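Structure record follows, encoded as structure tokens.
Quick caveat, the model's predicted, so the values are computed rather than measured.
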Amino acid sequence: MTKWNIEKLNNRANQQLESTKWDSMLFQQDIETYDKFAEIFRSYPLNKSPFPVAEYDYAVSSIPFTIETEEVIFKGVRIGEYENPESEVISDKLTLLILTNDKGSKENTLVDSRNYPYLTAQGIFEVKNNEFDWVFSASPDGFSILMLNMKLFDLRFGETIIIYPQIDKSFLYDQLKDSPNNYEDFDKFKKTILSNTRVKNQLNSEKNIK
């Protein structure tokens with residue numbers, strides 16, 4: 001994989017401004033796709049309109065998941081990038097979990113490669129008494145953020161974010177310095193989350209949505 005520094009990022013930014021560097025076929029394809037699915041793209045926190053980009057070779061990943069026990073239900077999503085477009089190896093950059101306690105709660109995610117070498121994604125979680133809109137961006141130099149209902153998380157301090165919606169429509173949260181990248185088996189990661197002392201204490205709160 002390319003090792004990015006500020007000079008390389010600057011060169012890439014300049015390429016985006018040169019029409020001779022644009023992937024014209026991809027741009028036309030995006031225009032046609034938007035024409036067909038504009039309503040879906042507009043349903044996300046940020047409307048995804050077509051725009052030209054310099055040619056690139058990059059593959060991104062979005063994996064929804066559920067953690068369910070007898071007491072709680074989390075809906076979640078993992079956002080990541082493939083080691084290379086031909087690889088099956090994924091490096092997760094964000095793991096977002098929302099306490100829903102509802103099997104029927106909805107989650108929609110759009111992960112986007114068009115901002116290469118930046119990884120971008122956005123989505124919506126619907127819970128019983130609230131909606132959580134989120135936008136995510138990861139820079140190849142290591143700085144990444146999640147903005148969720150106007151709460152900003154600097155993911156340099158932990159790439160796993162857990163949201164606990166409250167009965168009064170506020171929310172509490174945890175930020176853990178952990179990632180599925182640290183485990184061969186995703187089930188082990190889920191068990192580790194549920195056994196975390198901070199998470200266990202928060203799940204005992206009577207103010208969480210039921």
Side-chain angles (χ1 to χ4, degrees), residues 1-65 75-96 98 106-126 131-150 152-156 159 161 179-181 186:
M1 296 181 69
T2 301
K3 291 186 177 180
W4 293 90
N5 55 33
I6 191 65
E7 182 179 356
K8 289 182 179 179
L9 289 173
N10 182 60
N11 289 340
R12 177 68 187 179
N14 288 332
Q15 287 177 1
Q16 305 283 33
L17 301 177
E18 296 182 31
S19 60
T20 57
K21 302 286 187 180
W22 292 347
D23 188 329
S24 299
M25 289 182 62
L26 186 64
F27 186 28
Q28 184 59 41
Q29 175 185 309
D30 285 353
I31 291 172
E32 294 170 0
T33 301
Y34 186 81
D35 186 53
K36 293 179 181 178
F37 303 107
E39 185 175 351
I40 295 174
F41 289 132
R42 288 197 296 263
S43 70
Y44 287 96
L46 297 177
N47 182 20
K48 177 178 162 46
S49 302
F51 53 85
V53 296
E55 293 183 353
Y56 67 93
D57 193 20
Y58 183 52
V60 296
S61 169
S62 167
I63 304 174
F65 64 89
K75 289 290 182 75
V77 64
R78 299 160 58 186
I79 304 297
E81 58 188 14
Y82 285 87
E83 194 173 72
N84 61 66
E86 290 72 42
S87 172
E88 295 183 359
V89 178
I90 297 172
S91 175
D92 287 308
K93 301 299 182 182
L94 166 69
T95 304
L96 174 61
I98 310 279
K106 295 180 180 179
E107 175 273 325
N108 286 298
T109 297
L110 175 64
V111 62
D112 196 3
S113 66
R114 295 294 186 267
N115 291 300
Y116 173 80
Y118 301 87
L119 173 61
T120 51
Q122 60 175 322
I124 301 167
F125 283 88
E126 296 179 5
E131 180 178 294
F132 292 91
D133 299 332
W134 60 272
V135 176
F136 162 75
S137 173
S139 169
D141 61 4
F143 179 67
S144 58
I145 64 165
L146 169 71
M147 183 79 79
L148 181 143
N149 282 22
M150 288 304 294
L152 187 147
F153 296 92
D154 185 333
L155 299 180
R156 290 175 295 182
E159 294 182 350
I161 305 297
S179 167
N181 297 327
F186 186 62

Inset, instruction - Assess whether atom CZ of Phe37 is packed by more than 12 heavy atoms of other residues, nucleotides or ligands within 6.0 Å. - result: no

Inset, instruction - Might you point out which heavy atoms bring Ala121 and Val111 nearest each other, and give the distance in Å? - result: CB-CA, 3.9 Å

Inset, instruction - Would you check if Leu26 and Tyr56 make a side-chain contact, meaning some heavy-atom pair closer than 4.5 Å? - result: yes

Legend entry - Non-hydrogen side-chain atoms of Val53 and Gln16 separated by less than 4.5 Å: yes

Legend entry - Reference residue Leu96; test side-chain contact (heavy atoms from CB on, under 4.5 Å); the match among Phe132, Trp134, Phe153: Trp134

Legend entry - More than 12 heavy atoms from other groups under 6.0 Å of CD on Glu86: yes

Side-chain donor-acceptor distances from residues 137-150 under 3.5 Å, at least two apart:
| from | atom 1 | to | atom 2 | distance (Å) |
| --- | --- | --- | --- | --- |
| Ser139 | OG | Asp141 | N | 3.3 |
| Ser139 | OG | Asp141 | OD1 | 2.4 |
| Asn149 | OD1 | Asp133 | N | 2.8 |
| Asn149 | ND2 | Glu131 | O | 3.1 |

Inset, instruction - Could you list all the ring pair (Phe, Tyr, Trp, His ring centres under 6.0 Å) pairs where at least one residue sits in residues 6-34, not counting sequence neighbours? - result: Tyr34-Phe41

Legend entry - Sequence neighbours excluded, every pair satisfying salt bridge (Lys or Arg N to Asp or Glu O under 4.0 Å) that has a member inside residues 9-31: Asp30-Arg114

Inset, instruction - Might you point out which heavy atoms bring Leu46 and Gln122 nearest each other, and give the distance in Å? - result: N-OE1, 2.7 Å

Inset, instruction - Could you tell me whether the side chain of Asn108 reaches within less than 4.5 Å of the side chain of Ile40, counting heavy atoms only? - result: no

Legend entry - Side chain to side chain, Val77 and Leu94, heavy atoms closer than 4.5 Å: no

Inset, instruction - Could you tell me whether the side chain of Met25 reaches within less than 4.5 Å of the side chain of Gln29, counting heavy atoms only? - result: no

